[in-house]
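No hydrogens, no waters, no symmetry mates; every other heavy atom, side chains included, goes into these values. Keep in mind it's a predicted model, so treat the numbers as computed, not measured.
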Amino acid sequence: MRLAVLLSGRGSNFQAIHEAIQRGELAAGIVCVISNRPGAPGIARARDYDYAAHILDHKAFPSRAAHEEEVLRVLEEARPDFICLAGYMRLLGAPFIERWRNRILNIHPSLLPSFPGVDAQAQAVAHGVKVSGCTVHFVDEQLDAGPILVQRAVPVHEDDTAETLAARILVQEHEAYVEALRKLAGPWRIDGRRVIFD
Ligand code: GRF
């Protein structure tokens with residue numbers, strides 16, 4: 001299973017995928033890592049691990065479309081089976097999503113469809129939910145809305161802040177992403193919005 005990883009920051013989900021491969025728990029290879037932020041710690045990590053690491057700074061391109069075209073070009077060359085968004089803070093355009101339909105995964109730090117968008121953990125704390133978690137899903141044209149692959153739940157405590165909840169969720173994110181990829185290594189199909197693992 002050939003994986004591409006797109007990230008913008010810390011890269012702890014990328015690291016979790018890398019470590020699962022190293023431990024032999026995920027039969028996959030990371031064929032390229034792309035960051036839109038030159039200073040992203042995740043891309044430095046990718047270089048340390050000797051992956052094909054590309055910095056494609058969106059600010060260096062004349063338009064959103066031009067940036068995305070270059071990302072697509074790098075991906076076409078790398079020929080991934082799946083593209084893992086791991087803290088990639090750019091919205092993908094319709095041509096991108098169409099080209100890689102049901103091949104782009106994202107991880108979101110809430111139990112979707114609750115709390116899409118930014119600051120999901122703060123939204124959960126402010127709303128007063130007692131349970132939150134994370135969701136690995138395919139990316140479609142709507143924000144944080146595509147077919148769901150894996151979810152993991154965690155309790156929300158009364159004294160939680162966005163930060164303490166985020167830390168609890170992050171532990172589950174790392175396992176959930178690997179679980180989703182392992183499942184995609186076997187047979188699967190889409191039925192409406194549902195992903196069925198046969
Ligand atoms: C994670 O909380 C993920 O759910 C969200 O962005 C964060 C990325 O963290 N999409 P990291 O860069 O993988 O450490």
Side-chain angles (χ1 to χ4, degrees), residues 1-26 28-61 64 66-68 70-75 77-78 80 82-92 96 100 104-110 115-125 132-137 139 143-144 149-150 152 154 160-182:
M1 185 188 252
R2 298 169 64 85
L3 304 178
V5 177
L6 271 57
L7 53 79
S8 303
R10 182 174 56 183
S12 72
N13 279 287
F14 155 57
Q15 172 136 13
I17 295 166
H18 162 79
E19 284 173 3
I21 295 170
Q22 294 294 110
R23 285 196 302 264
E25 290 167 12
L26 180 62
I30 296 177
V31 293
C32 78
V33 183
I34 300 174
S35 172
N36 67 307
R37 295 229 174 98
I43 203 74
R45 239 172 241 188
R47 291 226 159 103
D48 290 345
Y49 300 149
D50 277 337
Y51 289 125
H54 304 261
I55 293 171
L56 300 176
D57 183 356
H58 60 278
K59 292 188 186 135
F61 290 81
R64 168 177 289 276
H67 176 254
E68 204 159 283
E70 183 60 11
V71 176
L72 278 171
R73 197 193 59 73
V74 171
L75 289 171
E77 242 174 62
F82 294 100
I83 298 167
C84 303
L85 305 187
Y88 187 64
M89 304 305 284
R90 302 280 297 168
L91 293 175
L92 301 178
F96 193 118
W100 294 95
I104 311 168
L105 284 70
N106 183 42
I107 186 154
H108 183 76
S110 75
F115 315 126
V118 291
D119 295 331
Q121 303 95 330
Q123 291 184 55
V125 169
S132 191
C134 63
T135 305
V136 184
H137 64 95
V139 172
L143 180 66
D144 300 327
L149 295 158
V150 168
R152 295 273 184 115
V154 304
D160 263 332
T161 61
E163 289 70 31
T164 57
L165 178 59
R168 193 174 308 119
I169 292 173
L170 192 63
V171 175
Q172 298 304 317
E173 288 187 35
H174 297 160
E175 292 185 11
Y177 222 140
V178 172
E179 185 190 339
L181 290 166
R182 285 171 63 113

Side-chain ion pair, R182 and E179, N-O less than 4.0 Å: no
Quick check: does any side chain N or O of R2 sit under 3.5 Å from a backbone N or O of A78, one acting as donor and the other as acceptor? yes
To the closest 0.5 Å, what do you measure between CZ (R37) and CZ (R90)? 8.5 Å
Using atom types as modelled and distance alone, determine if a side-chain donor or acceptor of Q123 lies under 3.5 Å from a backbone N or O of P116. yes
With side chains defined as the heavy atoms from C-beta onward, is the minimum distance between W100 and L92 less than 4.5 Å? no
Which atoms form the tightest heavy-atom contact between C32 and V74, and what is the distance? SG-CG1, 4.4 Å
Between the side chains of S12 and H174, is a donor N or O closer than 3.5 angstrom to an acceptor N or O? yes
Nearest-0.5 Å distance that lies between atom NE2 in H108 and atom CG in L143: 7.5 Å
Using the six-membered ring wherever Trp is involved, compare the ring planes of Y51 and Y49 and label them parallel, tilted or perpendicular (cut-offs 30° and 60°). perpendicular
Taking the side chain as everything from C-beta on, heavy atoms only, tell me whether C84 gets closer than 4.5 Å to L6. no
Can you check side chain to side chain contact (heavy atoms under 4.5 Å, CB included) on V31 and E77, steps first, answer last? CA-CA 10 Å; V31 293; E77 242 174 62; over 6 Å; no
Could you report the tightest heavy-atom contact between G42 and F14, atom names first, then the distance? O-CE2, 3.6 Å
Take N36 and H67 through the test side chain to side chain contact (heavy atoms under 4.5 Å, CB included) and record every step on the way to the result. CA-CA 9 Å; N36 67 307; H67 176 254; 4.1 Å; yes
Walk me through whether S35 and L56 qualify under side chain to side chain contact (heavy atoms under 4.5 Å, CB included). CA-CA 6 Å; S35 172; L56 300 176; over 6 Å; no
How far apart are the C-alpha atoms of V71 and Y88, what are their side-chain angles, what is the distance that settles it, and do they pass the side chain to side chain contact (heavy atoms under 4.5 Å, CB included) test? CA-CA 12 Å; V71 176; Y88 187 64; 4.2 Å; yes
Taking the side chain as every heavy atom from C-beta outward, state whether L75 and F96 have any atom pair closer than 4.5 Å. yes
Could you tell me which non-hydrogen atom of S8 sits nearest to which non-hydrogen atom of M89, and how far apart they are? OG-N, 2.8 Å
Quick one: closest heavy-atom pair of S110 and T135, and the distance? O-OG1, 2.7 Å
Between V125 and A162, the two heavy atoms sitting closest are CG2-N, 4.1 Å
Would you say the side-chain atoms of N106 pair up with the backbone N or O of V139, donor to acceptor, closer than 3.5 Å? no
Evaluate the side-chain proximity of I55 to R47: yes if any heavy-atom separation is below 4.5 Å, no if none is. yes
Looking at CD1 of I43 and CD1 of I34, how far apart are the two atoms once the value is rounded to the nearest 0.5 Å? 8.0 Å
How far apart are the closest heavy atoms of P38 and D57, and which atoms are they? CG-OD2, 3.5 Å
Is L181 close to L105 at the side-chain level, that is, under 4.5 Å between some pair of heavy atoms? yes
Distance (rounded to the nearest 0.5 Å) between L3 CG and M1 CE: 6.0 Å
Minimum side-chain heavy-atom gap L85-I107 below 4.5 Å: no
Rounded to the nearest 0.5 Å, how far does CD of E175 lie from CG of L170? 11.0 Å
So does V178 get a backbone contact from the side chain of E25, meaning a donor-acceptor N/O pair under 3.5 Å? no
Electrostatic pair E68:R64 at N-O distance under 4.0 angstrom: no
Between CZ of R168 and CD of Q121, what distance do you get to the nearest 0.5 Å? 11.5 Å
Kindly indicate whether the side chain of V33, heavy atoms from C-beta on, has any atom under 4.5 Å from the side chain of H54. no
Are the side chains of N13 and E173 in contact, using a 4.5 Å heavy-atom criterion? yes
